[in-house]
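Here the structure is laid out as structure tokens; the discussion comes afterwards.
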Amino acid sequence: MKTLKTHFAVSVLAALFSADSLAAPKMLAKPANMNIQEVHGEVRLIVKREFVNGEVGYEKITVPADEADAREAQLLQDPSVLLVERDTISFNPIPTSEPVSTAIQAVLNGGDPVEYSDPQYANQRYFRAGEIYNTRLSEAHGRLRFTNKIRIGIADGGFIQSPEVTFSEGSSLTLGSPSDQFYNSDPEIDCASQTDNPNTHGHQVAQIAAANSNNGLGIAGATRNVELVAGNSLGCYGSGFLSDAADHVRWFAGASVSGLTDISEPVDIINMSLSAPTSCPTYMQDAINYARARSIIVVVAAGNDTTDTANYAPANCRGVITVAATRAEGDLADYSNYGDAVSVSAQGSNMDVLTEDGGISFVYGTSFASPLVTGVIAAALSERPNLTPAEVDAIIARSGKPLNDEVTGIGSGILDSMLFMDGAGVPREAVTAQSALTGEREQYQEALTHPAATAYLQAQTGTSGACELYQADGRYLANQGPEDSIAVFSVAAGEPLNPTDSTAMIINSTTGADKLIITQADIDAAMASDRQIGVANCNIATGSNCSVKDNVKAFDPAEISLPAICT
């Protein structure tokens, strides 16, 4: 057993907030001398217990600060108490404001093709095709159908009702006050009665991840076909107890939390753009572990103190994807944290968002790099919903590009959404098979459909004749090696399109040729089982060189056209 007795003189991050940023109407004294574990002379103790039924859980006890040590010692005498930690105040990691760079603006107006109708889409540099130092989301979106609805949980503060983002549900746990309401304007939140300048950070974060696209407003979201779920942990001022964010992680994952109605169904991915200058508390680590055990991915901001992320939670917790911030040109943002705990980076500077009054604001911070990564992962999940957190971790590690300033300590580098989709097994292209009676066989159509030929083909292939035979052409794929085969295969819906996937079934294959015949029965069997069909030109025995980037393509039976003789 241990007790956490860490005290902290507020960091640059905390100093950005005014003295009244934690509660109203009470006032805090000098932020620079504030102890982030003490609020208005009180300390919240987080007690981890093993109950008589063998279950382990947490309770929160608020005590006067001058009695905290004694109460901790008393609690630790109880055999059921496993651990006592002091709660920590967390903040939205927002850097000081920066002027909009005219150089960036000149580049932003470069005139790339617009794929969404949103007014600010042209300014979303991270969408642009061909960007060397950015995420190039427009290319990735071209590969996706956004088949499955993905649920994103956002643990933050400052949520507003807006046509730009749509929340399906949410809850609030701000400074120990549970509520099933979460918008700033909701009666139980009522930010207007507390401050003239309420926090809208959660609204901004939600836009980066999943703004409603093609709605004539603001920006395009990094993903589509989503359900957003709000976890108001930081309230009207952008600050709150870190344990409340941990409780929201559990709530997002389907756990019951005292005072809250259970979530309708767990989310698929969680974003936490918040930070506390402390080691990772056990209560937060346990919450993250609880989510990961339920195959929920957790993405967090690295923080904005220009220092090692190892000193900030939840970025320093295990099992999270920690995101640093870069600028559009590919250099590390001068406010971003860094270090071994960082998994990847993404653009976090000069990010357009819609304001509450309908204007446009430019925001900066790892807070906005994090939901960009969340959106990319959610977009991949829409096609590959069975990806596990461990698999996503591995793909993230292979999906980065170097920065332009040779900075290290930011994980795999700048997230490239195209590389991420490659790693997730989302095909870059689809190839179209053609009827076996077209192309070089077109001149023999009448002979191949003659009753004698039909009887032969029926006996040999089990089909009704040549009109149910199709040719897959491997010449559209990368050149073969000596051990490679042309193969038509299928995988279970939602699995990576790879002929060596655990669910893969080879429909037909051949070595040493560039064309392959398959039957309508083969296609029908795959489609009846809701499987995806692909064409590969690689080593299907080992899978060593099979890649959706080069030599594995989707196969779309709906695109097959039959010659007139078959209709």
Please determine, by modelled atom types, if [X] and [Y] share a side-chain donor-acceptor pair under 3.5 angstrom.
X    : Y    : value
N545 : D484 : yes
Y116 : R224 : yes
S464 : E468 : yes
S117 : N214 : yes

Counting neighbours of [atom1] on [X] that are heavy atoms of other residues, nucleotides or ligands and sit closer than 6.0 Å, is the number greater than 12?
X    : atom1 : value
K149 : NZ    : yes
D524 : CG    : yes
I506 : CD1   : yes

Name the residue from [options] that meets the side-chain contact (heavy atoms from CB on, under 4.5 Å) definition with [X].
X    : options                : value
I297 : D268, I270, L381       : L381
S273 : D156, T366, V299, T374 : D156
Q207 : M351, Q120, E164       : E164

Sidechain N-carboxylate O distance under 4.0 Å for E131, K401
no
Tell me, please, whether Y290 has R294 positioned over its six-membered ring: NZ or CZ under 6.0 Å from the ring centre and within 45 degrees of its axis?
yes
Atom [atom1] of [X] and atom [atom2] of [Y]: how far apart are they, to the nearest 0.5 Å?
X    : Y    : atom1 : atom2 : result
I150 : E227 : CD1   : CD    : 10.0 Å
C566 : L437 : SG    : CG    : 5.0 Å
E139 : S417 : CD    : OG    : 7.0 Å
I377 : I152 : CD1   : CD1   : 9.5 Å

Mind telling me whether F146 and H141 have parallel, tilted or perpendicular rings, with 30° and 60° as the class edges?
perpendicular
Which atom names give the shortest non-hydrogen contact between [X] and [Y], and what distance separates them?
X    : Y    : result
S343 : I396 : O-CG2, 4.0 Å
L137 : L372 : CD1-CD1, 3.8 Å
H201 : S367 : NE2-OG, 2.9 Å
F555 : I523 : CE2-CD1, 4.1 Å
S349 : A333 : OG-CB, 4.0 Å

Worked check of side-chain hydrogen bond (donor to acceptor under 3.5 Å, both in side chains) between N271 and S370
CA-CA 7 Å; N271 186 90; S370 176; 2.7 Å; yes
Are any side-chain N or O atoms of E483 and backbone N or O atoms of N539, one a donor and one an acceptor, separated by less than 3.5 Å?
no
